[in-house]
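Just below is one structure, and these are the notes that go with it.
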Amino acid sequence: MKTIKVSVVTPDGPVYESDVEMVSTKAQSGELGILPGHIPMVAPLAIGTVRLKKEASTDLVAVTGGFLEVRPDKVTVLAQSAERGTDIDVARAEAAKQRAERRLQDKDANTDVRRAELALQRAMNRLKVTGRI
Ligand code: ATP
């Protein structure tokens, strides 16, 4: 099986680097699957999970938006934040989820609903990557 180099980088530094058979991710326009030989492109990403399929396993990285860049020899995910499952603090993500849910439940004229919804999505995505939901 052919492979392509992938790196996931954030403003704090690199989070993931490997040769993989396929990269699947959630672009703002929908799910994207990138195989070796894909045409070059750039796509804005949604909050979601990057799935990195290798021969015997699949690695998961939670990302909170950014860009996917496909070049002939390499895929780069430039994310605002990115964590592998083992780097996710589950208690922190659960607390963030509860906070966001409470804000949405008790919302009033001052509540920034969009902000709370995005915080909820980030927390749920992190919990998904750790296998908690
Ligand atoms: P919180 O409300 O807990 O800060 P958040 O969704 O607002 O969560 P972000 O702004 O997306 O957090 O991320 C800020 C920084 O904290 C990033 O570097 C991100 O990787 C890290 N981070 C956020 N939540 C977690 C978590 N549960 N485990 C590990 N790192 C996290």
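Counting starts at 1 for both ligands and their atoms, following the listed order.
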Item to complete: Flag Thr64 as yes when one of its N or O atoms lies below 3.5 Å from any N or O atom of ligand 1, and as no otherwise.
Response: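 Checking ligand 1 against Thr64, no N or O pair falls under 3.5 Å apart.
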Worksheet item: Are the side chains of Asp59 and Arg84 in touch, meaning some heavy atoms are under 4.5 Å apart?
Response: yes
Worksheet item: Would you say Val63 and Lys26 make side-chain contact, with heavy atoms under 4.5 Å?
Response: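 No, side chains not in contact.
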Discussion item. Name the residue from Gln105, Lys97, Gln98 that meets the side chain to side chain donor-acceptor pair (under 3.5 Å) definition with Glu101.
Written reply: Lys97
Worksheet item: For Lys107, does the NZ atom have more than 12 heavy-atom neighbours from other residues, nucleotides or ligands under 6.0 Å away?
Response: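 No.
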Item to complete: Answer with yes or no whether Gln80 contacts ligand 1, where contact means a heavy atom under 4.0 Å from a ligand atom.
Response: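 No, Gln80 has no heavy atoms under 4.0 Å from ligand 1.
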Worksheet item: Do Thr76 and Arg71 pass the side-chain contact (heavy atoms from CB on, under 4.5 Å) test, and can you show the C-alpha distance, the side-chain angles, and the key distance before you say yes or no?
Response: CA-CA 8 Å; Thr76 306; Arg71 282 189 274 138; 4.0 Å; yes
Give the atom numbers and elements of ligand 1 that come within less than 4.0 Å of a heavy atom of [X].
| X | answer |
| --- | --- |
| Asp12 | 18 (O) |
| Asp87 | 28 (N), 29 (C) |
| Ser81 | 11 (O), 17 (C), 19 (C), 20 (O) |
| Ala93 | 27 (N) |

Item to complete: Please write down residue, atom name and distance for the protein heavy atom closest to atom 27 (N) of ligand 1.
Response: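 Among all protein heavy atoms, the one nearest atom 27 (N) of ligand 1 is Asp89 O, 3.0 Å.
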Worksheet entry | Minimum non-hydrogen distance to atom 15 (C) of ligand 1, winning option of Gln121, Arg122, Arg92 | Arg92
